Structures are given as C-alpha cells and as structure tokens.
> 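Okay, here's the structure, questions in a sec.
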Protein chains: 2
Amino acid sequence: MSQSGVGIDLDKSLGYLLKEASSALRAAMEEVLRPLGMSVTHYSCLELLAQRPGLSNSELARGAFVTRQSMNVLLQALERDGYVTRPAEAPVGKVLPARLTPRGRRSLAEATVAVRSVEVRMLAGMTEAEQSGAFLILRNMIHSLRDGNDGT
Amino acid sequence: MSQSGVGIDLDKSLGYLLKEASSALRAAMEEVLRPLGMSVTHYSCLELLAQRPGLSNSELARGAFVTRQSMNVLLQALERDGYVTRPAEAPVGKVLPARLTPRGRRSLAEATVAVRSVEVRMLAGMTEAEQSGAFLILRNMIHSLRDGNDGT
DNA sequence: CAACGTATGTCAGAATCCTGACATGAGTCA
DNA sequence: TGACTCATGTCAGGATTCTGACATACGTTG
C-alpha cells in the first residue's frame, strides 16, 4: 500500500481506469489517423454523417462530445475543403442538415479501415461474452452518471 | 438499421461507448469540482501527490494523461498559490519532487468528498462482481491497445 | 394571437492543451 | 574517460476547445 486512506485509491478506482482506457483508445486512434491528416473529432464527424445523413451542427457536436462551437469550426473547414455540404438556407427553422460529399465518403472509407484495426486490437483477447458484458456495464455507468445529474 | 455497412456502427461500438462513458464521467466530475474552483486535471494532480508524494512533473503528467508542459503550468500555479511545494534545486538530476502543503491537503480533502460521490453514483446499480469484471475488462483493453502500439 | 421557454447557428474572446525545440543531467557502453 | 542515449524541466508558438453572448426560429401555453 502506497497510501493511507487519504483519498481515492487510483489503483483501484474504476473512474481512473475508465479515463486511462479512454486515453489509450484516443492515443491509438490519433496514431493511425495522423498519417491520413485527420483528427479524432474530424473522423467522428464524418462517421456520424455517414450513419445519419442530415445531422445538424448541434447534433454532430453532441455525438462527438464537443461543443457546437467547436464542431462549427470543424464543419466550416470540412465544407471549405469539399468533404461536407450544407444548404445555404435552412429548409426548416435554423437547422442546416449536413451531408457527406463523394470526396468525404472516400476520405471516411480510408479512415474507417484504420480505426477498425484499432477497435479490433482493443477487443483482442476478449470473448463475445466479455464484450457484451462490457457493453452493458458501460451503458449502466453512463446511465447512472447522467441520472443523478439533476435529480438531487 | 439506420446505416448500411458504410463504417463502424456507433450504436454497437465499444470504443464509442467508452468515449461516451469517459465523457459523462468527466462532465460529472467537472460539475462537482466547479464549485470548488478546481478542474479535473487540477484534482488529479493533487490526488496523485497525496498517494505518491515526491512525484516529478513528468510523472504527474503521465498519471493525469496530459503532457508535461501542461502539467508544468498547472504545477507552477499550484506552487504560486501554496498548494504544492518543490525544492528550488533538484536533489538529484533535474527531477524536482513535488509535495502537497497542508493547504493542498485541505483542498484535496474537500475535492475528494465531491469526487467520491460521483464515483459512488457511477457504481450504483453494479454488483461487486460486475465491478471487478469491469475492472478486468478495462485493464484488458488498455493492455491490448498499448501492446500493438509498437509491436508491428 | 401573444408571450414564454427552448434550441439552433454564429461571432468574439479567453483559456487550455499540444507540438517543437533547447539545454541539462543520469545511465550505459566501449 | 568520452560518446551515446534517454529522460527531465522549461520556453515559445500555434492549434484546439471552451465560455459567454446574441439574434433567430420553433413549440407550447395562456
């Protein structure tokens, strides 16, 4: 024992381990994405748009866990470089639905291969049961954390 | 199904879920730490120092998952405000071992209460077996991610 | 119809963090 | 002893993200 009950034992804290795992995953993704000139948020945005075309800036921000302001600067760059298109005028309200261009789709295809290899590596050594167990546990954590957020 | 095999199904991706959980945890910690005028990295630094007194700037950076440059600016601020002390001269080499001051220890005590409540909330609804299962699975993920990092 | 609350897109400024670089000191090896 | 490698602390610059704020548009509620 290297400590004496002063605080939270980091060696046994699930929270710390969660941060560590997330950090390792992000680092691994950055490593394989860097040769493609793409950041994690960049990739997340493209992946989200591929699966749910027409997502708005704010929705993309929530999906990528950044603020809508941050996502907006990214979207403007992606639009400028021809990876994404947004209508000049909102079809309804102020919401501008974004969509991938063919170029964006090609770019995403490359990135997906790289990211998939990371995910496969992360899952190596885990049985199917462990994977679905991890899935349930993580969903449980998220739910619990968001629950008490405003409840008390 | 909202997509057609274009990429990685985010709804089923453990990586995405990991990021989501980590994001929720960070948000919850920021929320309880904000009234104390403390950031997550700030708290992490104090907690690390409490458990392992004499840690160097670089070691603290690794433990808090930031660069040593970022940790250095934080340490300088903590030192300026009297939460941490570092010797003016390195006892050996260039490594400056940092230690909490009584004030730092008091500050940490407040923060620990807040953070512990978050951790307890996160673990709510999880059995002991699930918790230790999650522990092993996360450790497994981290190991797998770091393993293949330079192996190939 | 009008007022209210909510959500969105956007702008401006600041804070945070990172990349790159340098000099210094310890350890290793010939 | 001398050269090499590695890790550390630190400085400067740039990139990314966040906080705060504003106007606009929708839905609800009276």
Side-chain angles (χ1 to χ4, degrees), chain A residues 19 22-24 26-31 33-35 37-45 48-49 52 54-81 84-99 150, chain B residues 19 22-24 26-31 33-35 37-45 48-49 52 54-81 84-99 150:
Chain A
K19 190 173 177 181
S22 180
S23 172
R26 166 166 283 261
M29 287 179 68
E30 280 171 350
E31 191 180 359
L33 251 23
R34 186 170 313 130
M38 205 179 289
S39 74
V40 175
T41 307
H42 185 145
Y43 161 75
S44 301
C45 177
L48 282 163
L49 279 179
R52 301 195 246 284
L55 243 44
S56 73
N57 176 39
S58 290
E59 291 168 320
L60 285 168
R62 278 193 292 269
F65 311 106
V66 296
T67 62
R68 56 202 172 146
Q69 290 88 337
S70 298
M71 182 54 75
N72 198 25
V73 311
L74 173 61
L75 262 185
Q76 283 172 355
L78 290 178
E79 207 172 358
R80 168 173 52 81
D81 298 343
V84 166
T85 51
R86 279 192 292 181
E89 303 246 324
V92 53
K94 298 187 65 178
V95 181
L96 292 173
R99 292 180 182 279
D150 50 350
Chain B
K19 190 172 177 181
S22 180
S23 172
R26 167 166 281 263
M29 286 179 68
E30 279 171 351
E31 191 181 358
L33 250 23
R34 187 170 312 133
M38 204 180 290
S39 74
V40 174
T41 308
H42 186 144
Y43 160 75
S44 301
C45 177
L48 281 164
L49 279 179
R52 302 195 245 286
L55 243 43
S56 72
N57 176 40
S58 290
E59 291 168 320
L60 286 169
R62 278 192 292 269
F65 310 107
V66 295
T67 61
R68 56 200 174 155
Q69 291 88 335
S70 298
M71 182 54 74
N72 198 26
V73 310
L74 174 61
L75 263 184
Q76 283 172 355
L78 290 178
E79 206 172 359
R80 169 174 50 81
D81 298 342
V84 166
T85 52
R86 280 192 292 181
E89 302 244 325
V92 52
K94 298 186 67 178
V95 180
L96 293 173
R99 292 179 182 281
D150 50 349

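Model, not experiment: these values are computed from the prediction. Below, read A as the first sequence line, B as the second, and so on, with proteins coming before strands; counting in each chain starts at 1.
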> If I take atom CG in residue A:N72 and atom C1' in nucleotide D:dT19, what distance separates them, rounded to the nearest angstrom?
15 Å

> Are B:S56 and D:dT8 close enough that a side-chain N or O sits under 4.0 Å from OP1 or OP2?
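No, no such contact exists.
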
> When you compare the side chain of B:S70 with that of B:T41, does any pair of heavy atoms fall below 4.5 Å?
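Contact flag for B:T41/B:S70 side chains = no.
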
> To the nearest Å, give me how far apart CZ (A:R68) and P (D:dT24) are.
16 Å

> Taking CD from B:Q76 and C1' from C:dC17, how many angstroms apart are they, rounded to a whole number?
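In whole Å, C:dC17 C1' lies 15 Å from B:Q76 CD.
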
> Between A:V66 and B:R86, which residue's closest nucleotide on DNA chain D lies nearer the 5′ terminus?
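Closest to the 5' end, via its nearest nucleotide, is B:R86.
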
> To the side chain of B:T41, which of C:dT8, C:dC17, D:dT8 is closest?
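So the side chain of B:T41 is nearest to C:dC17.
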
> Between the side chain of B:S44 and the main-chain N/O of B:V40, is any donor-acceptor distance below 3.5 Å?
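Answer holds: yes.
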
> B:N57 has an atom CG; how far is it from atom C1' of C:dT24, in whole Å?
15 Å

> Considering only side-chain heavy atoms of A:T67, which listed nucleotide, D:dT19, C:dG9, C:dT24, is closest?
D:dT19

> Pick base, sugar-phosphate or nothing for B:R62, based on heavy-atom distances below 4.0 Å to the nucleic acid.
sugar-phosphate

> For B:V84 and B:A98, work out which heavy atoms get closest and say how close.
CG1-CB, 4.0 Å

> Compare all side-chain heavy atoms of B:R26 with those of A:K19 and state whether any distance is below 4.5 angstrom.
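Answer yes - side chains close enough.
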
> Mind running side chain to side chain contact (heavy atoms under 4.5 Å, CB included) on A:R86 and A:N57 for me, showing each step along the way?
CA-CA 10 Å; A:R86 279 192 292 181; A:N57 176 39; 4.1 Å; yes

> Nearest whole Å is fine: how far is D:dT17 C1' from B:R26 CZ?
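Rounded to the whole Å, the gap is 12 Å.
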
> Can you measure A:E79 atom CD to C:dT10 atom C1' for me and round it to whole angstrom units?
13 Å

> Where the side chain of A:S58 is defined as all heavy atoms beyond and including C-beta, which of C:dT10, C:dT8, D:dG9 is the nearest nucleotide?
C:dT8

> Return the value, rounded to whole Å, for the distance between atom NZ of B:K94 and atom P of C:dG25.
7 Å

> Does D:dT16 have its OP1 or OP2 closer than 4.0 Å to a side-chain nitrogen or oxygen of A:S70?
no

> Given atom CG of B:L74 and atom P of D:dT10, what is their separation to the nearest angstrom?
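Going from B:L74 (CG) to D:dT10 (P), I get 13 Å.
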
> Nearest to the side chain of A:V95 - C:dT8, D:dG9, C:dC11?
C:dT8

> Look at the side chain of B:Q69 and decide which nucleotide, out of D:dT17, D:dT10, C:dG9, has an atom nearest to it.
D:dT10

